[in-house]
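The structure appears right after this line, and notes come after that.
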Amino acid sequence: MNKIFENKETFIEEYREAVKELSGKSFEITSDIDRFNALAGLIASKARAVSAETDKRFAKDGKKRVYYFSIEFLIGRLLDNYLINFGIRDMVADALSEMGCDLDKLCDLEPDAALGNGGLGRLAACFLDSMAHEGIAGYGNGMRYRYGLFKQEIVNGRQVEVADEWLSKGYPWEVRRPDKAVRIGFGGHVVSHTEGDRTFYDVVDTQDVLALPYDIPVVGFGGETVNKLRVWSAEPIDEHFDLDAFNRGEYANADASRADAEAISAILYPNDAGEHGRLLRLKQEYLFVAAGLKTALDVFRREHGNDWAKLPEYVAIHTNDTHPAMCGPELMRILMDEERLTWDEAWDIVTKTISYTNHTILPEALEKWPIATFKKLLPRVYDIIDEINRRWRDGFDTTQDGWQERLRKTSVLWDGEVRMANLSVICSHSVNGVAKIHTDILERSVLNDFYALTPEKFNNKTNGITPRRFLAEANPSYAKLITEAIGDGWLDNAEELKKLVDFESDPSFLKRVAHSKRQNKIRLAEYVRRECGLVIDPDSVFDVQVKRFHAYKRQVMNIMKVMDVYNRLISDSSFHVQPTTFIFSGKAASSYTFAKEVIRLINSVAEVVNNDPRVNDLIKICFIPNFRVSNAQLIYPAAEISEQISTAGKEASGTSNMKLMMNGAITLGTMDGANIEIAQLAGEENEKIFGLTTPEVEQLRASGSYFAWDIVNADRDRLGRVMDELTDDTFAKLSGNFESIHTEIMSNNDYDLVLKDFHSYVQAWEELTSTYTDAQAWNRCALHNTAMSGWFSSDRTIREYRDEIWHA
Ligand code: 26V
C-alpha cells in the first residue's frame with residue numbers, strides 16, 4: 001500500500017494548509033464546499049505525483065501502453081473512491097471528525113460526473129479502475145462534455161429533463177493541459193501532389209477547432225499505480241472576438257466562433273435512441289479520435305522514435321463500441337499522409353494495433369452515417385474509408401457460393417451509408433462481445449459473415465464491475481462483515497469472496513448478513529423519504545429494477561406484474577403476498593416516447609397503489625428520480641431481488657445484475673446476457689429463472705404462429721384486466737391513461753414478448769417472494785450470491801483483455 005501521508009498529523013497539517021491556500025481563510029470559518037474542494041484538490045495533487053512516478057516506471061520498463069477510446073466514461077464521484085484506493089479512508093474520516101467535520105458530508109458535495117449514459121459508460125469507468133489496479137499502463141481517452149447526462153425530474157409522473165451543469169462549482173480533479181492541445185480540421189477539400197511514383201494527399205481550406213485536453217487521475221487500489229483519463233473539450237483556435245460587433249451591442253455575434261466550437265463538446269448524446277445522423281455527434285467522434293491518437297503517437301515517438309512498425313508492440317488502441325471507429329482510417333491517414341508510410345505498411349500496423357468491443361446486437365442500434373454528410377465533414381478520412389472498402393471488395397473470393405450476399409452484409413459503404421460496425425471489424429485484429437451468449441449471437445448471426453471469414457478474430461470478454469466501488473465503498477457495513485470473516489484480500493482478489501461459502505451454514509453469521517442488509521434498507525428508506533416524500537418499510541422485500549428505460553428491458557412487464565398483484569389483492573381475499581416495495585429507477589432518452597410513457601405509468605400506478613389503504617401495508621411502489629452512480633451506490637446494497645427481465649437474446653450483458661449479485665440480491669431473471677453466467681456460477685437453485693430462452697424466442701418469431709391477442713384473450717381475468725387498465729381511468733388520475741402503451745404492445749404483436757412471458761414471470765415472482773419468510777434460507781442464498789460474485793470483478797475481465805487482446 002502506497003501511503004501518501006506519513007500519518008494523521010501530517011495529513012491534518014497539509015489539509016489545513018490546502019484549505020487556507022484555496023479560500024484564504026482558516027479551516028474553522030470555511031464553507032463545506034471550500035473544504036471539499038481543498039480535500040479533493042489535495043488528494044488530486046498527491047495522485048498526480050504518484051502518476052508521474054508511475055509514468056516513469058512504465059517508461060523505464062518499456063511497458064506497452066493501452067489507450068481505451070470511449071465516448072463515455074461514467075466515473076461518478078471520486079473522493080471516497082480514491083481515499084479507499086489509497087488506503088486512507090478511515091484515517092481521513094478520523095482526522096476530519098477531530099477537526100469537527102464529517103467526511104460523508106463532504107463526499108456528498110462532489111458533483112457526480114455523468115459523462116455517460118449507463119452500462120457502456122460505467123463499464124469504461126470500471127475498466128479504468130481495474131487497469132490501474134492490475135498495474136497496466138492504461139489510459140482513458142474520451143470527451144469532456146460541458147453538460148453531463150441530463151438531470152431527471154419527475155413532474156406529474158412524467159420525466160422532465162434538466163441540464164446537468166456539473167462544472168459550475170469547479171472540478172478539483174482535472175488539470176487543463178493547453179500545452180497538449182491538438183488542432184482538428186473539419187471540411188475543406190483534398191489536394192494531392194506526386195513525388196516520384198507516389199501521390200501524397202493533404203486537406204486544405206479546413207475549418208479548425210482546438211481540442212483541449214483535461215487530465216483526471218485514475219488511482220488504482222493499493223495506490224501504487226495512478227493512470228490518467230484524458231477528456232477533450234472543443235474550443236476556438238484563436239480568439240475571433242469581434243470587438244466592433246460587441247460595441248454595436250451584438251454580443252452573440254461578437255463571440256460566435258467560440259460558441260460554434262464549444263458546441264462540439266457541449267452535450268452528451270443518448271447512446272440508445274438512434275441519434276445517428278447528427279452532425280455534432282460525428283464531430284465529437286472525430287475530435288476525440290484524432291486528438292487521442294495524436295497523444296498516443298506523441299508518447300510512442302518520444303519513447304521509441306519513428307519506427308512505426310513497432311507501434312503494435314508498444315501501443316494498443318481499444319475502441320469501446322463503434323463511436324471511435326474512425327481510429328482505423330485516421331491512423332491510416334497519419335501514417336500515410338504525415339509519416340509517409342505506404343498503404344500496406346500502414347494497414348499492417350493499424351490492424352495489429354486496433355481492437356473493438358461490440359455492445360449490442362439490436363440491428364437498429366448499429367451506427368450508420370449518410371455518406372454525403374461524412375464526405376463533406378471529413379473528406380480525407382472518407383476517401384480512406386472508401387479505399388478500405390474497395391480493397392475489402394477486391395479481396396473477396398468470388399468462387400464461393402453466396403459471396404454477393406456476404407459482400408452486401410460486410411461492406412463498409414452501402415445504400416448511401418457508412419456502416420461503422422463493419423468498419424470497426426475490418427480495422428481490428430480482435431472483436432469481442434460482452435457476455436458468452438452475446439458473443440455467440442455475434443458469431444452466429446449479427447457478424448456471422450465476418451466470423452466465417454476470420455473466426456480467430458472473435459472472442460468473448462464477459463463484463464465485470466469494480467468491487468472497490470460497488471462493494472467496499474457502496475456497502476461499508478457488509479464489507480466490514482466480510483472482512484471480519486475472510487480478511488481483506490477480496491479487495492485485491494475478488495475470487496476470495498468464495499471463502500464466504502464456509503459461513504453459509506453459520507446461523508449467527510447469517511443473522512449479521514441480514515442485519516447489514518436491514519441497515520442498508522433503512523439508509524435507502526431515509527433517502528427515499530428525503531427525495532420523494534414517500535415512506536417505505538424496511539421490513540418489506542426490496543424488489544429492484546434499476547437501469548436505462550428501454551422496451552427490451554421490459555420495465556413495463558414489471559409494472560404490469562404489480563398491477564396484477566394489486567388487482568388480485570383488492571378482489572380476492574384469499575390472495576396473499578409477501579409485503580414488497582417495488583423500486584424502480586432509471587432514465588429514458590429524451591426522444592424515446594414509449595420509454596417515457598412507461599416511466600409515467602410506473603409513477604401513476606404508484607400514485608394509486610401507495611394511496612390505497614386496502615393494500616398499503618402490503619405493497620408500495622417507489623420510483624427514485626435521477627438514477628446516477630451516487631444514488632445507485634445506495635440502491636444496490638439495499639436490494640433483495642434483482643430484476644433482470646429482458647427479452648432473451650437482447651441484453652448484451654447487463655452489469656447491474658452483477659452489482660446487485662455482489663451485494664447479496666437474488667436474481668429474478670431471464671436467460672439473457674450475463675444472467676446466464678450468474679446462474680451458472682451461483683447455481684440455478686440460488687436464482688429465480690423464468691421465461692423463454694433465446695432459441696425459443698427465435699423459434700417463436702420464425703414460426704409466425706404467435707398472436708398477442710390470443711394470449712390476452714386466453715386470460716381475460718388477469719392479463720386482460722391489466723391491459724384494459726392501460727386504457728381506462730384506473731391509473732389515469734395523474735396525467736391521463738396509457739393508450740399509447742397498449743397500442744405499442746398490441747400493434748407490434750407484442751414485439752418484446754411481454755405478454756408471452758407475463759405468466760411465468762408473475763409466477764416466478766410469487767414463488768421467490770414466498771420463500772422470504774424462511775429468513776435463514778434467504779440469507780444463505782444472498783450470501784452465496786456474494787460469495788460467487790468474485791468472478792464478475794472487472795479485474796478478471798481486464799486481465800483477459802490484457803492477456804488475450806492487448807498482450808500488454
Ligand atoms: C443502442 C440503441 C440505438 C438505437 C435504438 C435502440 C438502441 C438500443 C440499445 C443501444 C445500446 C447502446 C450500447 C450499449 O449501451 N450497450 C450496453 O453495454 C453494456 C456494457 O457492455 C451492456 O452491459 C448492456 O447489456 C448493453 O445494452
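Although no hydrogens or angles enter the test, the distance criterion places a donor-acceptor pair under 3.5 Å between the side chain of Arg600 and the main chain of Ser735. Using modelled atom types, one side-chain atom of Asn610 and one backbone atom of Ile621 make a donor-acceptor pair closer than 3.5 Å. Formation of a donor-acceptor pair under 3.5 Å by the Asn631 side chain with backbone atoms of Asn626 is found in this model. A donor-acceptor contact shorter than 3.5 Å links the side chain of Thr786 to the backbone of Met662. In this structure, the side chain of Ser794 engages the main chain of Ile465 through a donor-acceptor pair within 3.5 Å. Side-chain atoms of Ser642 do not come within 3.5 Å of backbone N or O of Ala665 as any donor-acceptor pair. Looking at Asn663, its side chain does come within 3.5 Å of a backbone N or O of Phe470 through a donor-acceptor pair. Remark: the backbone N or O of Ala137 is not paired with any side-chain donor or acceptor of Arg65 at under 3.5 angstrom. A donor-acceptor pair is defined here as one N or O able to donate and one able to accept, closer than 3.5 Å; such a pair exists between the side chain of Ser265 and the backbone of Ala234. Side-chain atoms of Asn85 never come within 3.5 Å of backbone atoms of Gly223 as a donor-acceptor pair (strictly under, hydrogens ignored).
Cation-pi check for Arg281 over Tyr269 is not met; the charged atom does not lie both under 6.0 angstrom from the ring centroid and within 45 degrees of its normal. Under the 6.0 Å distance and 45° angle rule, Lys587 counts as a cation-pi partner of Phe150.
The structure places CG of Asn320 at 3.5 Å from OH of Tyr68, a figure rounded to the nearest 0.5 Å. One distance of note links CG of Asp102 with OG of Ser97; it measures 8.5 Å at 0.5 Å rounding. Here CG of Asp488 is found 12.0 Å from CD1 of Ile482. Values are rounded to the nearest 0.5 Å. To the nearest 0.5 angstrom, Glu531 atom CD is 9.5 Å from Leu634 atom CG. For the atom pair CG of Leu83 and CG of Asp90, the computed distance is 10.0 Å after rounding to the nearest 0.5 Å. To the nearest 0.5 angstrom, Ser130 atom OG is 9.5 Å from Leu123 atom CG.
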- For Phe549 and Tyr592, what are the C-alpha separation, side-chain angles and deciding distance, and is it a ring-ring contact (aromatic ring centres under 6.0 Å, His included)? CA-CA 9 Å; Phe549 273 75; Tyr592 194 169; 9.6 Å; no
- Apply the test side chain to side chain donor-acceptor pair (under 3.5 Å) to residues Trp490 and Thr483: give CA-CA distance (whole Å), side-chain angles for both, the deciding distance (0.1 Å), then the verdict. CA-CA 8 Å; Trp490 61 273; Thr483 296; 3.0 Å; yes
- Take Trp173 and Tyr82 through the ring-ring contact (aromatic ring centres under 6.0 Å, His included) test and state the conclusion after the steps. CA-CA 11 Å; Trp173 300 107; Tyr82 287 179; 5.3 Å; yes
- Message: Between Glu53 and Lys56, is the salt bridge (Lys or Arg N to Asp or Glu O under 4.0 Å) condition met? List the steps.
- Response: CA-CA 5 Å; Glu53 291 299 313; Lys56 258 195 238 154; 3.8 Å; yes
- Could you please spell out the steps behind the salt bridge (Lys or Arg N to Asp or Glu O under 4.0 Å) verdict for Asp260 and Lys283? CA-CA 12 Å; Asp260 283 349; Lys283 286 187 178 176; over 6 Å; no
- Item | Evaluation steps, salt bridge (Lys or Arg N to Asp or Glu O under 4.0 Å), between Arg512 and Glu484 | CA-CA 11 Å; Arg512 295 171 71 197; Glu484 278 170 25; 2.6 Å; yes
- Test salt bridge (Lys or Arg N to Asp or Glu O under 4.0 Å) on Glu174 and Lys228 and set out the steps. CA-CA 10 Å; Glu174 65 181 11; Lys228 272 183 221 130; over 6 Å; no
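The pair Glu153-Arg158 does not meet the salt-bridge criterion, since no charged nitrogen lies less than 4.0 angstrom from a carboxylate oxygen. A salt bridge links Glu235 with Arg176: at least one charged nitrogen is closer than 4.0 Å to a carboxylate oxygen. Under 4.0 Å is where a charged nitrogen must lie from a carboxylate oxygen, and between Asp94 and Lys8 at least one such pair does. Here Arg146 does not pair with Glu165 in a salt bridge; the nearest charged N to carboxylate O distance is not below 4.0 Å.
Glu17 is linked by a salt bridge (Lys or Arg N to Asp or Glu O under 4.0 Å) to nothing, counting only residues two or more places apart in sequence or in another chain. Considering only residues two or more places apart in sequence or on other chains, Lys521 meets the side chain to side chain contact (heavy atoms under 4.5 Å, CB included) condition with Lys517, Pro538, Phe542, Ala638, Glu640, Tyr772. Every residue two or more places apart in sequence or in another chain that forms a salt bridge (Lys or Arg N to Asp or Glu O under 4.0 Å) with Arg230 is listed here: Asp215. Considering only residues two or more places apart in sequence or on other chains, Arg183 meets the salt bridge (Lys or Arg N to Asp or Glu O under 4.0 Å) condition with Asp208. Residues passing the side chain to side chain donor-acceptor pair (under 3.5 Å) test with Glu9, sequence neighbours excluded: none.
Looking only at side-chain heavy atoms (C-beta outward), Arg177 and Tyr214 stay at 4.5 Å or farther from each other. Between Lys151 and Glu161 the shortest side-chain heavy-atom distance does not fall below 4.5 Å. You'll find the side chain of Phe627 reaches within 4.5 Å of the side chain of Ile635, heavy atoms only. The side-chain heavy atoms of Asp543 and Glu643, taken from C-beta on, include a pair separated by under 4.5 Å. Between Ile184 and Trp232 there is no side-chain heavy-atom pair separated by less than 4.5 Å. Side-chain contact between Glu72 and Leu115: absent, with no pair of heavy atoms (C-beta onward) separated by less than 4.5 Å. A heavy-atom distance below 4.5 Å is found between the side chains of Ile583 and Leu524. Considering only heavy atoms from C-beta on, Leu268 comes within 4.5 Å of Asn117 through its side chain.
Of all heavy-atom pairs between Lys547 and Ser656, the closest is NZ-OG, 3.3 Å. The minimum heavy-atom distance between Met99 and Arg16, with the atom names listed, is CE-CG, 3.8 Å. Across all non-hydrogen atoms, the minimal contact from Ala47 to Val219 is CB-CG2, 3.9 Å.
Ring-centre distance between Tyr147 and Trp166: not below the 6.0 Å cut-off.
For the residue pair Thr30 and Ser23, no side-chain donor N or O sits within less than 3.5 Å of a side-chain acceptor on the partner.
With respect to Asn81, the side-chain hydrogen bond (donor to acceptor under 3.5 Å, both in side chains) criterion is satisfied by exactly one of Arg468, Arg89, Glu473: Glu473. Tested against Tyr139 for a ring-ring contact (aromatic ring centres under 6.0 Å, His included), the candidates Tyr67, Phe127, Phe73 yield a single pass: Tyr67. Among the candidates Arg57, His133, Glu134, the single residue satisfying the side-chain hydrogen bond (donor to acceptor under 3.5 Å, both in side chains) test with Thr225 is Arg57.
Identified under the ring-ring contact (aromatic ring centres under 6.0 Å, His included) test for residues 8-33, with sequence neighbours left out: Phe5-Phe11, Phe11-Tyr15, Tyr15-Phe27.
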